[in-house]
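Following: one structure in structure tokens, then a few remarks.
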Amino acid sequence: MAMSSVKISPTVSALSSTIKHLGPNSRFIASLGGVKGLRGGRRKLSITMSSPLEVCVKASVTVPNKLGDCPFSQRILLTLEEKHLSYEMKLVDLNEKPEWFLKISPGGTVPVLKLDEKWIADSDVIAQSLEEKYPDPPLGTPPKKASVGSKIFPTFIGFLKSKDPNDGTEQALLNELASFNDYLKEIAMFQSVLLGELGMLFNGDIVPRVTDISSYCQSHVFLHL
């Protein structure tokens, strides 16, 4: 199967649900009978739309009809949720990319989102386009917070690629994680950040990456986050 889709109307606990996307209750990958948030119920939409936005994201390579481990795709889904926008999510098998997908994404990358009859690629471009078209609620990261956690993912990749246990990459990663943790403690809003209830602290780019890193580390039992 190369693609499956599901239409989703935003509900509460968007960020918390995405953090649990690897578990059995993920809202994003429900295939039948509708989708519920962790606290139940439906959240009133702030945007009236004639039809849901179409967004193509990575499908899981191991479980059918499940969202894959792509932080870029997760970032856009989080953005759509936090902006209360209805959307139709198309899960694309990147190992067997269908022809229709390659026509809208010649590079074969995800996510891609259809906005104003035009398909847009690159999560940064998509997020900015959504911010401009649907400015409420504002999700742009304040300049003074823009660099928070920005080095975690590249540092993690460096650690994974390292073959020398003494080259300092592990300590560099621990330092970045410690710095990020100190920041969360400083603002004293760790729980609110994870639940995505404060738009000013929303960072749909960082959270999925940190979550993926945590899941990978826990599954391999070589690093305690």
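Below, all heavy atoms of this structure are taken into account, side chains as well, without hydrogens, waters or symmetry copies. Keep in mind that what you see is a predicted model, and the values were worked out from it rather than measured.
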### Task
State the CG-CD1 distance between Leu115 and Ile120, to the nearest 0.5 angstrom.
4.5 Å

### Task
Considering non-hydrogen atoms only, spot the tightest contact between Arg75 and Ala127 and give its length.
NH2-CB, 3.7 Å

### Task
Assess whether side chain to side chain contact (heavy atoms under 4.5 Å, CB included) is satisfied between Leu94 and Lys97, documenting all intermediate values.
CA-CA 5 Å; Leu94 298 184; Lys97 301 172 185 175; 4.2 Å; yes

### Query
Judged by atom type as modelled, is there a donor-acceptor pair below 3.5 Å linking the side chain of Lys114 to the main-chain atoms of Leu53?
no

## Note on the structure
So NZ of Lys90 and CH2 of Trp100: to nearest 0.5 Å the spacing works out to 5.5 Å

#### Entry: Donor-acceptor contact below 3.5 Å, side chain Glu176 vs main chain Thr155
no

### Message
Under the rule for side chain to side chain contact (heavy atoms under 4.5 Å, CB included), what residues qualify as partners of Ser105, not counting sequence neighbours?
### Response
Phe101, Thr109, Val112

### Message
For Lys58, give me all partners under side chain to side chain donor-acceptor pair (under 3.5 Å), at least two apart in sequence or on another chain.
### Response
Asp69

#### Entry: Separation between CE of Met89 and CG of Leu67, rounded to the nearest 0.5 Å
6.0 Å

### For Ser60, side chain to side chain donor-acceptor pair (under 3.5 Å) partners two or more places apart
Thr62

#### Entry: Greater than 12 external heavy atoms within 6.0 Å of Glu99's CD
no

### Task
Verify whether one side chain among Asn175 and Gln171 offers a donor that lies under 3.5 Å from an acceptor in the other.
yes

### Message
I need the Asn181 CG to Leu177 CG distance, nearest 0.5 Å.
### Response
8.5 Å

### ILVMFWY cluster, Val110 and Val63 together (side-chain gap under 4.5 Å)
no

### Query
Same cluster for Val57 and Val125 if Ile/Leu/Val/Met/Phe/Trp/Tyr side chains link at under 4.5 Å?
yes

### Message
For the backbone of Asn166 and the side chain of Asp164, can you confirm whether one donor and one acceptor N or O come within less than 3.5 Å of each other?
### Response
yes

### Query
Roughly how far, to the nearest 0.5 Å, is CD1 of Ile126 from CD of Glu131?
14.0 Å

#### Entry: Gap separating the OG atom of Ser123 from the CG atom of Leu77, nearest 0.5 angstrom
11.5 Å

### Task
Indicate whether the side chain of Asp167 and that of Thr169 have a donor and an acceptor atom separated by less than 3.5 Å.
yes

### Message
side chain to side chain contact (heavy atoms under 4.5 Å, CB included), that's the test. Do Trp119 and Glu54 meet it? Break it down for me.
### Response
CA-CA 9 Å; Trp119 286 98; Glu54 296 179 60; 3.7 Å; yes

### Query
Salt bridge between Glu81 and Lys83, side-chain N to carboxylate O under 4.0 Å?
no

#### Entry: Stepwise side chain to side chain contact (heavy atoms under 4.5 Å, CB included) check, Tyr134 with Leu85
CA-CA 9 Å; Tyr134 305 104; Leu85 300 172; 3.6 Å; yes

### Task
Work out which heavy atom in Pro111 is nearest to a heavy atom in Ile76; give both atom names and the distance.
CG-CG1, 3.6 Å

### Task
Indicate yes or no for a side-chain donor-acceptor contact from Ser162 to the backbone of Gly158 under 3.5 Å, with no hydrogens or angles considered.
no

